[in-house]
Amino acid sequence: MNLNANFDARVVIHSDQIEWKASPIPGVDRRMLDRIGGEIARATTIVRYAPESQFPAHTHTGGEEFIVLDGVFQDEHGDFPAGTYVRNPPTSQHTPGSDQGCVIFVKLWQFDPADRLRVRVNMREGLRAKGRGFSEAILHEDARERVSYREWQAGVEADMTLPRGGEVLVLRGALKSDDDILRRNSWLRLPCGARLQARAGDEGVAFWMKEGHLPYAVAPRI
């Protein structure tokens with residue numbers, strides 16, 4: 001399956017307007033944003049766990065990165081409430097589920113195969129003022145990519161070039177980019193060399209951002 005697999009194209013998806021599709025696991029539904037592959041795929045997805053649903057134990061051969069958007073995600077390593085950012089590197093294993101139900105934004109098969117770094121952090125913990133009206137927390141940074149959480153006050157504007165592409169998921173408020181108004185759970189992907197010209201809405205905005213990773217967008221090696 002190929003979905004939004006042309007990484008030279010700008011893509012905007014207002015994910016709250018997409019119908020949920022059932023996964024092979026009962027109680028687990030998905031909204032697919034981009035995908036290369038079948039059930040084993042390089043994928044960006046919003047996943048909803050019904051209360052008391054669970055995946056069987058499995059290994060993330062290509063790594064897994066996610067944000068808890070609502071509820072509490074759980075596995076044998078702990079409970080992860082809304083606002084948590086997690087990186088489970090290649091070869092990591094777990095049995096994910098949720099007693100009360102949760103929604104996560106998840107990316108699969110997008111790691112350096114040699115990466116073994118685990119990250120589990122509340123995204124707001126490292127938030128620091130970076131200028132008038134905006135703050136940033138670096139969630140992860142390496143030679144391939146930079147991942148951050150950002151908060152902008154109302155009316156803050158930015159114009160940045162993304163030499164190796166990037167993507168944004170709005171978590172709260174609104175962000176205007178070109179002619180699009182991105183609200184909660186709206187997702188924007190920009191190709192290599194694109195410019196992100198954006199302005200926070202009247203209520204401000206909080207968003208997750210990932211930069212530098214698009215040159216590595218390939219199908220999983222199984």
Side-chain angles (χ1 to χ4, degrees), residues 1-18 30-37 41-47 62-67 69 85 87 104-112 123 130-131 133-201 204-220:
M1 177 183 186
N2 283 348
L3 174 66
N4 293 320
N6 176 7
F7 291 89
D8 293 327
R10 180 182 186 273
V11 179
V12 174
I13 298 180
H14 303 293
S15 69
D16 284 352
Q17 299 175 13
I18 300 174
R30 302 180 290 197
R31 288 170 166 163
M32 297 182 186
L33 305 179
D34 69 20
R35 196 171 190 90
I36 304 174
R42 182 219 181 273
T44 304
T45 312
I46 293 179
V47 179
E64 172 194 54
E65 172 185 30
F66 65 88
I67 304 166
L69 301 176
Y85 171 73
R87 291 175 69 90
I104 66 173
F105 168 83
V106 60
K107 299 179 70 65
L108 300 173
W109 282 90
Q110 299 181 42
F111 280 58
D112 181 339
M123 291 192 292
K130 294 293 183 180
F134 62 94
S135 302
E136 180 181 27
I138 304 302
L139 306 176
H140 174 74
E141 188 168 17
D142 60 25
R144 288 168 58 113
E145 63 187 48
R146 185 176 190 268
V147 186
S148 60
Y149 168 78
R150 306 184 186 205
E151 293 184 358
W152 293 0
Q153 295 179 9
V156 165
E157 297 183 3
D159 185 347
M160 62 188 85
T161 301
L162 303 173
R164 294 188 296 164
E167 61 187 276
V168 166
L169 180 73
V170 173
L171 304 173
R172 185 181 72 250
L175 188 71
K176 186 177 190 301
S177 173
D178 294 337
D179 293 327
D180 295 297
I181 305 295
L182 310 177
R183 300 191 182 277
R184 189 172 188 266
N185 297 334
S186 292
W187 177 74
L188 165 68
R189 193 186 70 205
L190 294 168
C192 296
R195 291 169 64 190
L196 174 62
Q197 296 173 295
R199 183 180 188 276
V205 67
F207 60 97
W208 173 91
M209 186 170 183
K210 186 177 177 79
E211 308 163 66
H213 59 300
L214 289 191
Y216 310 103
V218 296

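Side chains are part of it too, since the values below use all heavy atoms of this structure and drop only hydrogens, waters and symmetry mates.
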[X] [atom1] to [Y] [atom2] distance, which is reported to the nearest 0.5 Å:
| X | Y | atom1 | atom2 | result |
| --- | --- | --- | --- | --- |
| Arg30 | Ile46 | CZ | CD1 | 13.5 Å |
| Leu169 | Trp187 | CG | CH2 | 9.5 Å |
| Phe105 | Trp208 | CZ | CH2 | 4.5 Å |
| Ile13 | Leu3 | CD1 | CG | 6.0 Å |

Whether Arg189 side chain and Asn4 backbone form a donor-acceptor pair below 3.5 Å =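 The answer is yes, because a donor-acceptor pair under 3.5 Å joins these two groups.
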Sequence neighbours left out, what passes salt bridge (charged side-chain N to carboxylate O under 4.0 Å, His left out) with [X]? Give chain and number order.
| X | value |
| --- | --- |
| Asp142 | none |
| Arg31 | Asp16 |
| Arg10 | Asp178, Asp180 |

With sequence neighbours excluded, what pairs up with Phe66 under the ring-ring contact (aromatic ring centres under 6.0 Å, His included) test?
->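 Here the qualifying residues are Phe73.
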How would you list, by chain and number, every residue that makes a side chain to side chain donor-acceptor pair (under 3.5 Å) with [X], sequence neighbours excluded?
| X | result |
| --- | --- |
| Ser135 | none |
| Tyr149 | Glu151 |
| Arg195 | Asp159 |
| Asn6 | none |

Does [X] have any side-chain contact (heavy atoms from CB on, under 4.5 Å) partners at least two apart in sequence or in another chain, and if so, which?
| X | result |
| --- | --- |
| Ile138 | Glu136, Glu141, Arg146, Ser148 |
| Ala158 | Trp152, Met160 |
| Arg184 | Asp70 |

Option passing side chain to side chain donor-acceptor pair (under 3.5 Å) with Glu65 (candidates Gln110, Lys210, Lys107) =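 Result: among Gln110, Lys210, Lys107, Lys210 is the only option passing the side chain to side chain donor-acceptor pair (under 3.5 Å) with Glu65.
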Any side-chain heavy atom of Arg42 sitting closer than 4.5 Å to one from Asp34?
->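 Arg42 vs Asp34: side chains touch.
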Name every donor-acceptor pair, under 3.5 Å, that has one atom in a side chain of residues 211-219 and the other anywhere in the protein, sequence neighbours excluded.
residue : atom : partner : partner atom : Å
Glu211  : OE2  : Arg150  : NH2          : 3.0
His213  : NE2  : Glu167  : OE2          : 2.7
Tyr216  : OH   : Arg164  : NH1          : 3.2

